[in-house]
Amino acid sequence: MIWNDSEADLRLAAEQLRQGKLVAIPTETVYGLGANALDEKAVASIFRAKGRPTDNPLIVHIADVNDLKTYAEPNEWAYLLAERFWPGPLTMILPKKDVIPNIVSAGLDSVALRFPAHPVAQALIRYSGCPIAAPSANISGKPSGTTAEHVLHDFKDSISGVVDGGRCACGLESTVVSLLGDHPVLLRPGFITPEQIREVIPSLTVARAVEEELPKDETVLSPGLAHKHYAPNAETVGLIGDAKSVSEYIRQHSDGESCAVMCFDGEEGYFAGDTVLSYGRRGNSAEQGERLFSTLRQLDEMNISRIYINAEYGEGVGLAVYNRLLRSCGFRMIRV
Ligand code: AMP
Ligand code: MG
């Protein structure tokens, strides 16, 4: 079933959520695979549908800042961040209240909360009367879904339906900040940048796992960071450098196999002869972020054995794009 954003359709979709069914919802970041966060059985079906490891907790979506204290124990930082960035693409991790079932938090005593900006997501939370647990709407480990078509491709037979809210504006998942320790820690970069958060909380640090692969025996602060992620089916290699150096590297290393290149807009000419898709202009990370997952999904449709991605190391939103690409290519990121 595909619902649109009319009042009548939103009421129907909200009723499905209330009944414990799975409904995919648009947000400003990516599509979410939603269920009533207070209904254990409904939440269990999210994990089943995605094939998500049960040690990876879910984000709970709310539509009222007051619900911070309904579901968690907010501190001063939480209110500062909520005032500045909510509704919006920022998730906060706080000590959890007992009303949130353990399955949502994967057994942790903390919970991740977000108040999304997308009007459709807000309407569904209000009409259903439930907080909505929603991880990104993709089969676990694959690129996130940023259109209703992507969602149906992955979940046609396992959900009640998707509410089509158009293409997601950010295209990258929310920024995740843990507020559990002595100082706030950014666990996952997103559209809201570390620099913006430091304007409100100067002591914010960035978890090491954001930019590098941690040794196998090191505990990660966020279970999701430990899992393979955003990966296309093909073997994928990231290359940092200008288009000319990247094309020379590819010429030296590809051994006649069907390979594809994900490059920057306007630089396609350097890769004549290869299958080429561009994902935004060099230096424009907002544009790259918006198109990243849909481009990776397009490549998956082409049955290609190797993908080279021309990447940039960036600050701001660029850090989020780099973080996703690093995982897409299983940390094989080479400077050329
Ligand atoms: P997604 O599948 O895109 O919704 O990912 C949600 C992210 O938030 C994952 O990286 C989770 O591991 C992380 N997360 C959710 N809840 C918590 C929590 N209580 N503590 C730490 N990380 C969390
Ligand atoms: Mg995800």
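Just so you know, ligand 1 is whichever comes first in the structure, and atom 1 is the first atom listed for that ligand. Numbers here are sequence positions counted from 1. In this text the structure is predicted, and so the values were computed from the model without any measurement.
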*Asks:* Would Arg291 and Tyr279 count as a cation-pi pair here, with the cationic atom under 6.0 angstrom from the ring centre and within 45° of the axis?
*Replies:* no
*Asks:* Does ligand 1 have an atom under 4.0 Å from some heavy atom of Arg52?
*Replies:* yes
*Asks:* Check Val43 against Ala35 and note the closest heavy-atom contact, atom names and distance.
*Replies:*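 Smallest interatomic distance, heavy atoms only, reads N-CB, 4.4 Å.
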*Asks:* Could you pull out the closest heavy-atom pair between Val246 and Leu239, with the gap in Å?
*Replies:* CG1-CD1, 3.8 Å
*Asks:* Examine the side chains of Arg114 and Thr29 and answer whether a donor and an acceptor come within less than 3.5 Å of each other.
*Replies:*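 Yes.
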*Asks:* If you count the atoms of ligand 1 from 1 in the order shown, which ones are under 4.0 Å from a heavy atom of Ser110?
*Replies:* 18 (C), 19 (N), 20 (N)
*Asks:* By number and element, which atoms of ligand 1 are closer than 4.0 Å to a non-hydrogen atom of Pro57?
*Replies:*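 Under 4.0 Å from Pro57, ligand 1 has these atoms: 11 (C), 12 (O), 14 (N), 15 (C), 16 (N), 17 (C), 18 (C), 23 (C).
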*Asks:* So, Gln19 versus Glu15: side-chain donor-acceptor pair below 3.5 Å or not?
*Replies:* yes
*Asks:* For ligand 1, which atoms have a heavy atom of Leu108 less than 4.0 angstrom away?
*Replies:*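 The atoms of ligand 1 under 4.0 Å from a heavy atom of Leu108 are 18 (C), 19 (N), 20 (N).
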*Asks:* Ligand 1 versus Thr91, non-hydrogen atoms closer than 4.0 Å: side chain, backbone, both, neither?
*Replies:*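 Neither part.
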*Asks:* Considering only heavy atoms of Ala112, which atoms of ligand 1 have at least one such atom less than 4.0 Å away?
*Replies:*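 Answer for ligand 1: 15 (C), 16 (N).
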*Asks:* Of all the atoms in ligand 1, which lie at a distance below 4.0 Å from a heavy atom belonging to Ile59?
*Replies:*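 So the atoms of ligand 1 that pass are 4 (O), 6 (C).
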*Asks:* Between Met1 and Ile159, is there a side-chain heavy-atom distance shorter than 4.5 Å?
*Replies:*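 SC-SC contact between Ile159 and Met1 ruled out.
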*Asks:* So, Thr205 and His183: side-chain donor and acceptor under 3.5 Å apart, yes or no?
*Replies:*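 Distance-only check passes for Thr205 and His183.
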*Asks:* Can you sort out which atoms of ligand 1 are near Glu173, meaning under 4.0 Å from one of its heavy atoms?
*Replies:*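 With Glu173 as reference, the close atoms of ligand 1 come out as 3 (O).
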*Asks:* Short list, please: which atoms of ligand 1 are under 4.0 Å from a heavy atom of Ser136?
*Replies:*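 Under 4.0 Å from Ser136, ligand 1 has these atoms: 1 (P), 2 (O), 3 (O), 4 (O).
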*Asks:* My understanding is that only one of Gln298, Glu173, His150 makes a side-chain contact (heavy atoms from CB on, under 4.5 Å) with Phe293; could you say which?
*Replies:*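 It is Glu173; the other options fail the test.
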*Asks:* Can you confirm, on distance only, whether ligand 1 has an N/O atom lying under 3.5 Å from any N/O atom belonging to Asn56?
*Replies:* yes
*Asks:* Within Ser144, is some N, O or S atom less than 2.8 Å away from the Mg ion (ligand 2)?
*Replies:* no
*Asks:* Looking only at heavy atoms, is any part of Arg188 under 4.0 Å from ligand 1, and if so is it the side chain, the backbone, or both, or is it neither?
*Replies:* side chain
